[in-house]
Amino acid sequence: MTAALDVTEVLADLPDWRRADDPRPAIARSLRFADFNAAFGFMTRVALLADKADHHPEWSNVYNRVEVLLTTHDAGGVTEKDIAMARFIDGAVKGLVE
Ligand SMILES: C[C@H](O)[C@H](O)[C@H]1CNC2=NC(N)=NC(=O)C2=N1
């Protein structure tokens, strides 16, 4: 069981992320892409990683916008798995989002 981390410390290294507006310890990022195609292409890339990592985001998509929330259900908080996925997302969207 991976240990839950201190969200404040996690966010110190993830400047594009914020504490999620959620009763659980979680981090969030709002993404706006050029269009739906770009947004869904991003979601497809993350989905493939999520399935491979067995670690899945909680997210929503409206046209060119994607809201992402990361937390580890098994740990009841934010873990290294969430940090790794956040870093993957940051890399995947570089140059693609406003
Ligand atoms: C059995 C358990 O649901 C699986 O090991 C995975 C699936 N994807 C998951 N995703 C997230 N965010 N947290 C989990 O604890 C998690 N567990």
Side-chain angles (χ1 to χ4, degrees):
M1 164 87 75
T2 36
L5 303 170
D6 177 89
V7 174
T8 304
E9 288 176 15
V10 168
L11 291 173
D13 293 333
L14 293 171
D16 291 315
W17 294 75
R18 67 184 187 274
R19 186 183 296 272
D21 180 14
D22 191 279
R24 301 164 299 171
I27 59 175
R29 186 172 178 185
S30 302
L31 302 165
R32 188 169 68 180
F33 295 86
D35 54 28
F36 173 73
N37 187 280
F40 202 81
F42 159 76
M43 294 179 79
T44 301
R45 288 184 63 194
V46 175
L48 292 173
L49 171 77
D51 237 23
K52 190 175 175 186
D54 192 28
H55 190 74
H56 302 78
E58 296 181 15
W59 51 2
S60 61
N61 162 243
V62 178
Y63 180 56
N64 66 330
R65 290 176 181 272
V66 179
E67 297 293 330
V68 184
L69 181 149
L70 300 177
T71 191
T72 303
H73 309 137
D74 296 345
V78 176
T79 69
E80 289 296 340
K81 292 182 176 182
D82 300 303
I83 296 173
M85 183 159 280
R87 292 199 189 288
F88 176 85
I89 288 170
D90 290 350
V93 303
K94 207 171 279 307
L96 278 183
V97 294
E98 282 88 0

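Atom set for the values below is all heavy atoms of this structure, side chains included, hydrogens, waters and symmetry mates excluded. When a ligand or atom number is given, it counts from 1 through the structure's own listing order.
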How close does the nearest protein non-hydrogen atom get to [atom], and which residue and atom is it?
atom	result
atom 7 (C) of ligand 1	Asp54 OD1, 3.3 Å
atom 13 (N) of ligand 1	His73 N, 3.0 Å
atom 10 (N) of ligand 1	His56 N, 2.9 Å

Can Glu80 and His55 be said to form a side-chain hydrogen bond (donor to acceptor under 3.5 Å, both in side chains), step by step?
CA-CA 11 Å; Glu80 289 296 340; His55 190 74; over 6 Å; no
Give me the atom names and distance for the closest heavy-atom approach of Leu70 to Asp82.
CD1-O, 3.5 Å
When every non-hydrogen atom of Pro57 is compared with those of Val46, the smallest separation belongs to CG-CG1, 4.1 Å
How are the rings of Phe36 and Tyr63 set relative to one another: parallel (under 30°), tilted (30 to 60°) or perpendicular (over 60°)?
parallel
Within the structure, does at least one protein heavy atom fall under 4.0 Å of atom 1 (C) of ligand 1?
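Given the 4.0 Å limit, the answer for atom 1 (C) of ligand 1 is no, no protein heavy atom qualifies.
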Which of the ligand 1 atoms, numbered from 1, are nearer than 4.0 Å to a heavy atom of Thr72
13 (N), 15 (O)
Under 4.0 Å from a heavy atom of Asp74: which atoms of ligand 1 are those, numbered in the order shown and with their elements?
2 (C), 5 (O), 14 (C), 15 (O), 17 (N)
NZ/NE/NH1/NH2 to OD/OE distance under 4.0 Å, Asp90 and Arg29
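Salt bridge: yes.
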Is it the side chain (CB and beyond), the backbone, both or neither of Thr71 that lies under 4.0 Å from ligand 1, heavy atoms counted?
backbone
Hey, is ligand 1 close enough to Asp82 that some N/O pair sits below 3.5 Å?
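Asp82 vs ligand 1: no N/O contact under 3.5 Å.
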Arg24 vs Val78, test: side chain to side chain contact (heavy atoms under 4.5 Å, CB included). Steps then yes/no.
CA-CA 9 Å; Arg24 301 164 299 171; Val78 176; over 6 Å; no
